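One structure is given below, encoded as structure tokens.
Chain letters run A, B, ... following the sequence lines, proteins first and then strands; every chain starts at 1. Predicted model, so just to flag it, every value in this text is computed and none were measured.
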Amino acid sequence: MADAPSTPLRPACDPATELDARFRAAIHAVAGRDADPAIRASGNAKFGDYQMNAAMALAKELGKNPRELADAILKATDLAGIASKCEVAGPGFINITLERAVLESSLASLAASSTFGVPPATDPHAVVIDLCGVNVAKQMHVGHLRATIIGDSLARVFERLGRKVWRENHLGDWGLPIAMTLAKLIREKRDFARLTLDDLNAAYRGAQKETATDDLDAAREFRCGPHRLAELELQYEPARAAMEDAKKTLIRLQSGDAEIVRLWERLIEVTMEQVYDAARTLHCKLGAENNRGESFFRDRLAGVVDAFAKSGVAKSDRGAMVVPFADRERPLLIQKSDGGFLYATTDLAAVRFRTFELDGDLVVYVVDARQRDHFKDVFDAARLVGWSKTKDGTEATLVHLGFGAVLGADKKPLKTRSGENFTLKDLLDEACERGAAEVMRRAADPNAPTHGLAESELRAIGAAVGIAAVKYADLSGDLTKDYVFDLDRMVAFEGDTGPYLQYAHARIASILSKSGETAEAIARAPFALAEPAERALALHILRYPQMVLDVGRSLETNRVGLYLRTLAELFNAFYQSCPVLKADDAAVRLTRLRLCAVARAVLADGLSLYGIVAPERM
RNA sequence: GCGCGCGUAGCUCAAUUGGAUAGAGCAUCGGUCUUCGGAACCGACGGUUGGGGGUUCGAAUCCCUCCGCGCGCGCCA
């Protein structure tokens, strides 16, 4: 996966920013040139808070002894007011322990920031996220889960980074398959006002079956005798008729026939209802305003081929228009020999629209990994013709974020074509149901904080918990890897799960509300990071803005999950060893409440990057 | 055939993008427990990171080569 362009931005409240500046200056003084100090969080608390790793690589380049170079850099570094302890270790690491006051003031500045320390974006261009990608007249299946929640989560990350974000739902709402479905429904004289998605789905599959002429095509391919061909042609007469009907319907649709267009719009309406429902359930920001499908680009397709032909990037081959590439045999087909356009043509029109009209300098396609070759071709073709530039000529980054396939328990791709498999709706219903059952079971305990809540309230919390389980299971892993679809694992509530994070959040919220202090009073309390557990928690909180920047750069949503899991663990450790409400000293009580408040806010904001809600009680 | 992707504990996955002793969850076993919320915490067990070679102070990570699995490959989307 290609990286998005890296931003030089560094969070002001992250102590690593100041360490970077100081060591950079020291390296310059010692080595006579600029180099990345490679400041990293310590992997192990016994090595301090941060480490500077640049000395080893630099020593190699300069032909010096790494430990001696590290010593020299350390001597040249101004550590006043930042590090309380700093020493060379191992082959040439420099281990750094921060002054407590630095941690406290940094944390205060993060707490005061409305973006939790994330620096505001300086890039005025937009980020475009291609997500969801449903097809009209087809049921959403589990594959759409990934394309929807990964895309939405990335969009949320870029919004947190202060970027203008376009969520683009590139609907499959045009072309022969839709016309076939439409034609079949019309032939059957169906009442379009009463159509359900299941009806559409059945019609879609039926139309595919009716018009299939695989055997006939194969017979031609293998040059069967005239008798055999005539026999097959007779057998396939109904298929031919259905196809004729579909093509006529397509032409009427393309020419803007009012009646056909009305019925077509109805198909989209029925299909999209389920998408909006699923998006609501999943807490994904996705609605009708995000719809920009194949039909939107239909008038631009001829222009695409024209532009490629005129520029000489495309050439005619066997009656079709293709874009050849210098480094590979396989060309990209953009127009069929019968004059028809292909999905590559639409994708090229969309690239142009997204870079030039939406002004995106980063366009991310959240589409499954099997289309890797296709997008490589489309992006390369777009670059060849100069369409990868924004309005002001900035070269845009085009990225295909190819996520792994959804596999069944047998490790084979989950097929929904024959229709016997569960739909996305089935999965979401099950997740909400299990979440609700779990919440209600616990609420039955008279000591539970949720005891006595109305059933509707418990069901709402249960849905939030069930959906969190599903989303976290998906987003916290490596996106490029295949996905083993296991409902029991996905809706698990214990261990490394979404509900575990929600639980940590609810506990903190509970402490804060039981304290009897107002939020204002807590916010005024100073930080006093005396205990190791407090210190460790604070250090990790300070890494939040850098983590968000890293996700924006790498598009790896699993970093959010890793960060939040660690945050929850560190909070639990703090909670274990440092009494808050039971603290004997009033000032200690208040400063620990302050730490709780910041931890809660960061946890909630991090969960919001996944589109996971954090209930106060569960 | 060509191209691309993936192989880490019994299972599902991590590993701060080349850093110090490869970590979690589930499962199994043991402990914490009249609780600031047990959906929790602590510990034990479990590994030749598919095999081999190379690069270097240092490799699960980069290069080469095998092996295994998956996906894609001109008129579908």
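- Scanning residues 36-49 of chain A for heavy-atom distances under 4.0 Å to RNA chain B yields A:Arg40, A:Ala41, A:Gly43, A:Lys46, A:Phe47.
- Contact annotation: A:Arg442 side-chain N/O to B:A39 OP1/OP2 distance is under 4.0 Å.
- To the nearest angstrom, P of B:C69 lies 19 Å from CZ of A:Arg370.
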Dump every N/O contact between nucleotides 41-45 of chain B and the protein below 3.5 Å, one line per pair.
residue, atom, partner, partner atom, Å
B:C41, OP1, A:Tyr500, OH, 2.9

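- Comparing B:U48 with B:G52, their P atoms are spaced 11 Å from each other, to the whole Å.
- Look at CZ on A:Arg441: it is 9 Å from P on B:A39, rounded to the nearest Å.
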Please list each protein N or O that sits under 3.5 Å from an N or O in nucleotides 1-10 of chain B, with the distance.
residue, atom, partner, partner atom, Å
B:G5, O4', A:Arg372, NH1, 3.4
B:G7, OP1, A:Lys481, NZ, 2.7

message = Once pairs are restricted to Watson-Crick or G-U wobble with both distances under 3.5 Å, how does RNA chain B read as a dot-bracket string, [ ] for crossings and | for other-strand pairs?
response = (((((((..((((.....[...)))).(((((.......))))).....(((((..]....))))))))))))....

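- With sequence neighbours excluded, the residues forming a ring-ring contact (aromatic ring centres under 6.0 Å, His included) with A:Tyr365 are A:Phe375, A:Phe379, listed by chain and number.
- In this model, a side-chain donor or acceptor of A:Asn95 finds a partner on the base of B:A20 within 3.5 Å.
- Among residues at least two apart or in separate chains, salt bridge (charged side-chain N to carboxylate O under 4.0 Å, His left out) pairs with a member in residues 458-473 of chain A are A:Glu433-A:Arg459, A:Glu455-A:Arg459.
- Residue A:Lys336 places at least one side-chain N or O under 4.0 Å from the OP1 or OP2 atom of B:C76.
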